[in-house]
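Some notes on the structure that comes next.
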Amino acid sequence: MKQAIVARTDIGMGQGKLAAQVAHASLSAYEKADSQLRDQWKRNGQKKVVLKGESERQLHELAEIAERDGVPTAVVRDAGHTQLEPGTVTALAVGPAGDDRVDSITGELSLF
C-alpha cells in the first residue's frame, strides 16, 4: 500500500508551499478512499512518495487514469494567499492503493 503525490515543478513553489500542498493532497485523497483502504494503509505505515510533475495538464491526465482505475485521487488548487494565483493546480495525490496500482499510474515519474 502506498500513496504517490505528484507536485508541479513548473510553477516555482517554495519549499514550505510545496510541503503544504503535498500535505493537502495526501489528506484529501485519504478522505476519498473507502474505510478498508484507509485502515490498511494506516496499518502499513502510510507509505508515501513525492514525485515531479511537469504541468497542470499532466496532473489532470494522471488523475483521469487513476479515476478510471478506481484509485482515490485528489487534485489540489491553491487558495492564492501567498505565492500563487488563486486556483493554481499544485499537486495530485494518487492512492492510497496497492503499490502495483499506484505504480501503474505514476511509475514513470521521477522522485522529487
Side-chain angles (χ1 to χ4, degrees):
M1 294 292 294
K2 74 174 170 184
Q3 184 180 66
I5 299 96
V6 184
R8 288 180 60 188
T9 59
D10 64 321
I11 54 176
M13 287 185 280
Q15 290 181 347
K17 172 62 77 177
L18 173 67
Q21 299 304 298
V22 166
H24 290 318
S26 178
L27 181 58
S28 294
Y30 168 82
E31 289 175 336
K32 291 181 180 179
D34 67 36
S35 61
Q36 183 179 4
L37 280 176
R38 289 192 310 260
D39 291 344
Q40 188 176 3
W41 188 54
K42 283 169 57 175
R43 282 193 311 271
N44 288 292
Q46 301 176 12
K47 181 167 65 170
K48 298 169 202 71
V49 294
V50 180
L51 305 169
K52 294 179 181 179
E54 299 175 353
S55 65
E56 179 177 348
R57 180 179 177 184
Q58 182 186 42
L59 271 60
H60 286 297
E61 290 171 354
L62 293 169
E64 285 180 28
I65 294 166
E67 289 167 6
R68 277 197 310 263
D69 291 348
V71 175
T73 65
V75 174
V76 175
R77 293 181 180 276
D78 191 64
H81 298 302
T82 56
Q83 300 175 11
L84 303 172
E85 292 297 317
T88 301
V89 172
T90 57
L92 163 71
V94 177
D99 287 11
D100 291 346
R101 294 184 76 198
V102 173
D103 289 345
S104 72
I105 300 161
T106 62
E108 299 295 317
L109 303 176
S110 299
L111 290 171
F112 209 98

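With sequence neighbours excluded, no residue forms a salt bridge (charged side-chain N to carboxylate O under 4.0 Å, His left out) with Arg43. Glu61 pairs by the salt bridge (charged side-chain N to carboxylate O under 4.0 Å, His left out) definition with Arg57, not counting sequence neighbours.
Within the model, atoms CG of Leu92 and OG1 of Thr106 stand 9.0 Å from one another, a figure rounded to the nearest 0.5 Å. With values rounded to the nearest 0.5 angstrom, Ser35 atom OG is found 11.5 Å from Gln40 atom CD.
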Side-chain donor-acceptor pairs of residues 9-16 under 3.5 Å, sequence neighbours excluded:
from, atom 1, to, atom 2, distance (Å)
Thr9, OG1, Gly53, O, 3.1
Asp10, OD1, Arg8, NE, 2.9
Asp10, OD1, Arg8, NH2, 3.4
Asp10, OD2, Arg8, NH2, 2.9

Side-chain donor-acceptor pairs of residues 71-78 under 3.5 Å, sequence neighbours excluded:
from, atom 1, to, atom 2, distance (Å)
Thr73, OG1, Glu67, OE2, 3.1
Arg77, NH1, Gly87, O, 3.1
Asp78, OD1, Lys17, NZ, 2.8
Asp78, OD1, Gln21, NE2, 3.2
Asp78, OD2, Gly80, N, 2.9

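When hydrophobic clusters are built by joining Ile, Leu, Val, Met, Phe, Trp and Tyr residues whose side-chain heavy atoms come closer than 4.5 Å, directly or via intermediates, Ile65 is grouped together with Val6. A continuous path of hydrophobic side-chain contacts links Ile105 to Leu59 [ILVMFWY only; heavy atoms under 4.5 Å]. Note on Met1 and Val49: separate hydrophobic clusters, where clusters join Ile, Leu, Val, Met, Phe, Trp and Tyr whose side-chain heavy atoms are under 4.5 Å apart, directly or indirectly.
Sequence neighbours left out, the pairs with a member in residues 95-112 that pass salt bridge (Lys or Arg N to Asp or Glu O under 4.0 Å) are Lys2-Asp103, Lys47-Asp99. Pairs engaging residues 40-64 under the ring-ring contact (aromatic ring centres under 6.0 Å, His included) rule: Tyr30-Trp41 [sequence neighbours left out].
Side-chain contact check for Thr90 versus His24: every heavy-atom pair is 4.5 Å or farther apart.
Nearest approach of Leu37 to Ala97, heavy atoms of both residues: CD2-CA, 4.3 Å. Taking every heavy atom of both residues into account, Ser104 and Asp69 meet most closely at OG-OD2, 4.5 Å. When all heavy atoms of Leu18 and Ala7 are compared, the closest pair comes out as CD1-CB, 3.4 Å. Of all heavy-atom pairs spanning Val102 and Ala4, the tightest one is CG1-CB, 3.6 Å.
Checking side-chain atoms of Gln3 against main-chain N and O of Ala93 turns up no donor-acceptor pair under 3.5 Å.
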Output, in order, the C-alpha distance, side-chain angles, deciding distance and verdict of side-chain contact (heavy atoms from CB on, under 4.5 Å) for Lys48 and Val22. CA-CA 10 Å; Lys48 298 169 202 71; Val22 166; over 6 Å; no
Check against side-chain contact (heavy atoms from CB on, under 4.5 Å), Leu111 and Val50: CA-CA 6 Å; Leu111 290 171; Val50 180; over 6 Å; no
